[in-house]
Amino acid sequence: MTLNVRLSAVSSLLFAVNFAMGQSSTPTHQHAPTKIIDGSVHPELISDIDAYRLYFVMVSQSPEPSDVQAKRQSAQVGKVGLAAPDALAFKSSLAAFHSQYAQLIREYNEAATAAWANGERSDPTLFKLRRDRLVQSVRESLKASLSEDGWKRLDQFVQGEKRRMKSSAAEGAQ
Amino acid sequence: MRLEVRLLTFMFSVFVVAASALGQSCITYQPDFSVYTDETTDGTNIYTSVLIDGSGTMTYNASLPGCAGIDIGIAAHTPSVTNFISQDGGGPTFGGTTFGTSECPDCYVSFSNDQQFVANPGVEYNFEDGGEVICNVGGTVFGTGGFVGVSIAVTTYKLLTVNANGTATFTQACPGNTRPSCGAANYLGQEPALWAEEFQLKVTVGGSGPSCLPVSIVQYQNGPPAPYPCT
């Protein structure tokens with residue numbers, strides 16, 4: 001039997017023993033029970049900033065989307081009922097958001113991965129602050145650039161979309 | 001699997017067992033993820049998307065008895081998103097479950113699974129969605145899912161009057177014995193054509209009544225008969 005196989009067998013046995021012991025003791029690698037906020041039941045518990053973030057991420061495409069991506073986006077934006085000029089301005093804002101959001105995540109993950117490799121931990125607080133600021137700035141920009149009717153329709157739509165969102169309690173609680 | 005990884009997993013197992021024997025919790029994880037599901041249509045295709053976005057906080061309680069020296073460096077988290085379309089009684093299926101890249105447990109995840117398929121108006125498709133984050137050491141650290149029925153609903157209207165501002169008022173006129181599952185008695189259109197076909201997405205959730213979502217798709221036609229039955 002090779003060393004690999006023996007280590008694997010002993011590891012499996014130890015995990016099995018741990019599982020058996022875990023029936024009467026606290027597990028070592030414990031994942032807190034996930035409390036899910038179901039937006040279809042409690043949309044009021046999904047915060048506006050989270051709803052806008054998820055909606056922007058869902059609908060945004062790169063500045064040069066593929067044909068399929070562009071059709072999907074048009075169908076998604078079509079549900080909002082924006083007039084043509086508003087729809088165009090909305091898609092343009094989303095393209096900028098798409099790039100900025102991806103860049104934020106890329107930078108944070110590079111730093112977090114390097115820290116993790118060195119046995120250090122990353123504090124996501126600053127990243128989440130920057131993330132939410134980005135979402136808020138796009139939101140404010142849309143409020144200023146869309147027609148009054150267009151902004152009203154968009155806001156109403158995003159509020160309604162909370163019904164399609166689910167969040168960990170820590171993510172969505174206000 | 002490389003020998004180094006095997007060794008690390010082995011050492012991790014030893015610590016897990018040792019700490020459990022003491023009734024302590026060496027590592028805890030608080031997920032902070034969201035899942036958002038979207039479906040829409042352009043009148044021909046149905047587009048479905050499922051997005052998972054967020055991160056989590058892993059806490060290593062090294063000071064607890066038996067918890068010192070655990071190498072949590074081997075832990076990695078992988079997002080998985082389900083977007084699966086099927087039909088009752090068989091027929092083609094679309095999509096499935098896709099996995100994102102494995103990241104460090106502190107990393108941020110934003111991963112989606114998009115599907116599209118040509119849909120027959122009036123036919124209901126089952127849309128199963130789900131989002132999970134899987135830890136290679138601790139198993140599923142976050143997971144949620146759902147199920148809805150989606151279909152393209154078509155309502156046919158015929159011209160009633162042309163209004164002074166150039167808009168046109170249409171009245172529902174479904175060909176033959178067809179009935180609309182969405183749509184209203186009247187429709188205010190932008191073009192004074194003989195017929196207007198309005199496409200909507202009908203979404204059925206559980207046992208509740210369907211929701212009809214306008215998608216801003218209207219086709220105006222001038223030649224009788226009306227091109228589509230209502231669905």
Work out which heavy atom in [X] is nearest to a heavy atom in [Y]; give both atom names and the distance.
X	Y	result
Ala75(A)	Thr41(B)	CB-O, 3.7 Å
Ala112(A)	Cys107(B)	CB-SG, 4.1 Å
Asp106(B)	Tyr108(A)	O-OH, 3.0 Å
Leu51(B)	Leu54(A)	CD2-O, 3.8 Å
Trp116(A)	Gly73(B)	NE1-O, 3.5 Å
Tyr47(B)	Val68(A)	CE2-O, 4.5 Å

Using non-hydrogen atoms and a 4.5 Å limit, figure out which bit of [X] sits close to chain A: side chain, backbone, both or neither.
X	value
Thr48(B)	backbone
Gln115(B)	backbone
Gln200(B)	neither
Val109(B)	neither
Asn45(B)	neither
Glu103(B)	side chain

**Report entry** Arg72(A) and Asp42(B) ion-paired at < 4.0 Å
**Finding:** no
Query raised in the report: Any ion pair linking Arg53(A) and Asp53(B) (charged N to carboxylate O, less than 4.0 Å)?
Result: yes
Query raised in the report: Can you check side-chain contact (heavy atoms from CB on, under 4.5 Å) on Val205(B) and Ser40(A), steps first, answer last?
Result: CA-CA 10 Å; Val205(B) 184; Ser40(A) 67; over 6 Å; no
Query raised in the report: Between the side chain of Arg164(A) and the main-chain N/O of Val35(B), is any donor-acceptor distance below 3.5 Å?
Result: no
Report task. Please test Met58(A) against Thr37(B) for side-chain contact (heavy atoms from CB on, under 4.5 Å), starting from the C-alpha separation and ending with a verdict. Result -> CA-CA 9 Å; Met58(A) 173 70 82; Thr37(B) 302; 5.8 Å; no
Query raised in the report: Is there a donor in the side chain of Arg121(A) and an acceptor in the side chain of Tyr60(B), or the other way round, less than 3.5 Å apart?
Result: no
Query raised in the report: Given the options Met165(A), Glu110(A), Lys79(A), which has more heavy-atom pairs under 4.5 Å with chain B than any of the others?
Result: Lys79(A)
Query raised in the report: Should the pair Tyr55(A) and Tyr36(B) be assigned to parallel (<30°), tilted (30 to 60°) or perpendicular (>60°) ring geometry?
Result: tilted
Query raised in the report: So Ser167(A) and Phe33(B), side-chain contact (heavy atoms from CB on, under 4.5 Å) or not? Walk me through it.
Result: CA-CA 6 Å; Ser167(A) 289; Phe33(B) 295 96; over 6 Å; no
